[in-house]
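Notes to accompany the following structure.
Quick caveat, the model's predicted, so the values are computed rather than measured.
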Amino acid sequence: GAGVSQSPSNKVTEKGKDVELRCDPISGHTALYWYRQSLGQGLEFLIYFQGNSAPDKSGLPSDRFSAERTGGSVSTLTIQRTQQEDSAVYLCASSLVVSQGDGYTFGSGTRLTVV
Amino acid sequence: AQSVTQPDIHITVSEGASLELRCNYSYGATPYLFWYVQSPGQGLQLLLKYFSGDTLVQGIKGFEAEFKRSQSSFNLRKPSVHWSDAAEYFCAVGPRTGANNLFFGTGTRLTVIP
């Protein structure tokens with residue numbers, strides 16, 4: 001598509017439930033990134049994909065967080081047994097990794113609220 | 001370790017006044033440098049980037065930034081602010097080799113008053 005698409009745009013869930021956040025990157029972009037933006041905080045790196053593989057999972061805050069990417073396209077970020085501290089805006093970005101240092105194109109994010 | 005510091009959490013300027021947002025970084029080598037803007041409820045939009053060459057780079061919406069290697073800084077400037085510039089601004093650095101990942105500062109929120 002023309003831009004990075006994220007769904008849902010807003011999600012309210014009860015503590016303890018699992019949630020799935022979806023990211024559809026720009027067609028042809030081989031790199032895909034997930035960031036978390038908590039209230040009053042900067043962007044916290046979570047994970048990135050090169051194709052379907054994730055070379056760097058160091059940013060995932062706990063084993064409740066996982067992500068996958070299939071077909072070199074859509075990615076899903078899953079949070080199991082959600083906690084209130086998981087409330088944040090989850091941003092996805094994609095880039096042409098062929099051009100090292102190329103800037104990212106961001107989606108509008110998914111606002112997750114855990115009640 | 002990599003870090004990006006934006007020392008000003010919140011800045012208020014009058015419409016038509018000049019603007020400078022500060023960014024300092026700590027990195028193993030000269031990184032790629034970026035400024036992004038985030039309007040309320042929106043994703044981040046790239047304003048400008050520095051890779052090499054001229055240390056004064058021009059971006060969209062009338063913004064510019066100057067890379068100063070000696071100060072490890074990449075400050076964002078605009079000669080005359082418009083009300084529509086009110087937003088959150090993020091400085092970011094990325095590696096020239098290896099993993100293609102950006103590290104972001106904590107952001108500076110800009111308020112523009114009439």
> Hey, are B:H10 and B:T111 close enough side-chain-wise for a donor-acceptor pair under 3.5 Å?
Replying inline: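 Yes, side-chain donor-acceptor contact under 3.5 Å.
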> By a 4.5 Å heavy-atom criterion (distance strictly below it), what part of A:Q37 contacts chain B: side chain, backbone, both, or neither?
Replying inline: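 Just its side chain gets close to chain B.
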> At a heavy-atom separation under 4.5 Å, does A:L43 approach chain B through its side chain, its backbone, both, or neither?
Replying inline: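 Both backbone and side chain.
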>> Ring centres under 6.0 Å, that's the criterion: do A:Y48 and A:Y35 meet it?
In response: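 That pair fails the under 6.0 Å test.
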> Are B:Y50 and B:F67 an aromatic pair by the rule of ring centers under 6.0 Å?
Replying inline: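 Close enough - the centres of the two rings lie under 6.0 Å apart.
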>> Given the ring of B:F34, does B:K49 sit roughly above its face, with NZ or CZ under 6.0 Å from the centre of the six-membered ring and within 45° of the axis?
In response: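 Because its charged atom misses either the 6.0 Å distance or the 45° angle limit, B:K49 does not stack over B:F34.
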> In terms of heavy-atom proximity below 4.5 Å to chain A, should B:Q45 be classed as side chain, backbone, both, or neither?
Replying inline: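 For B:Q45, there is no contact with chain A at all, as no heavy atom is under 4.5 Å.
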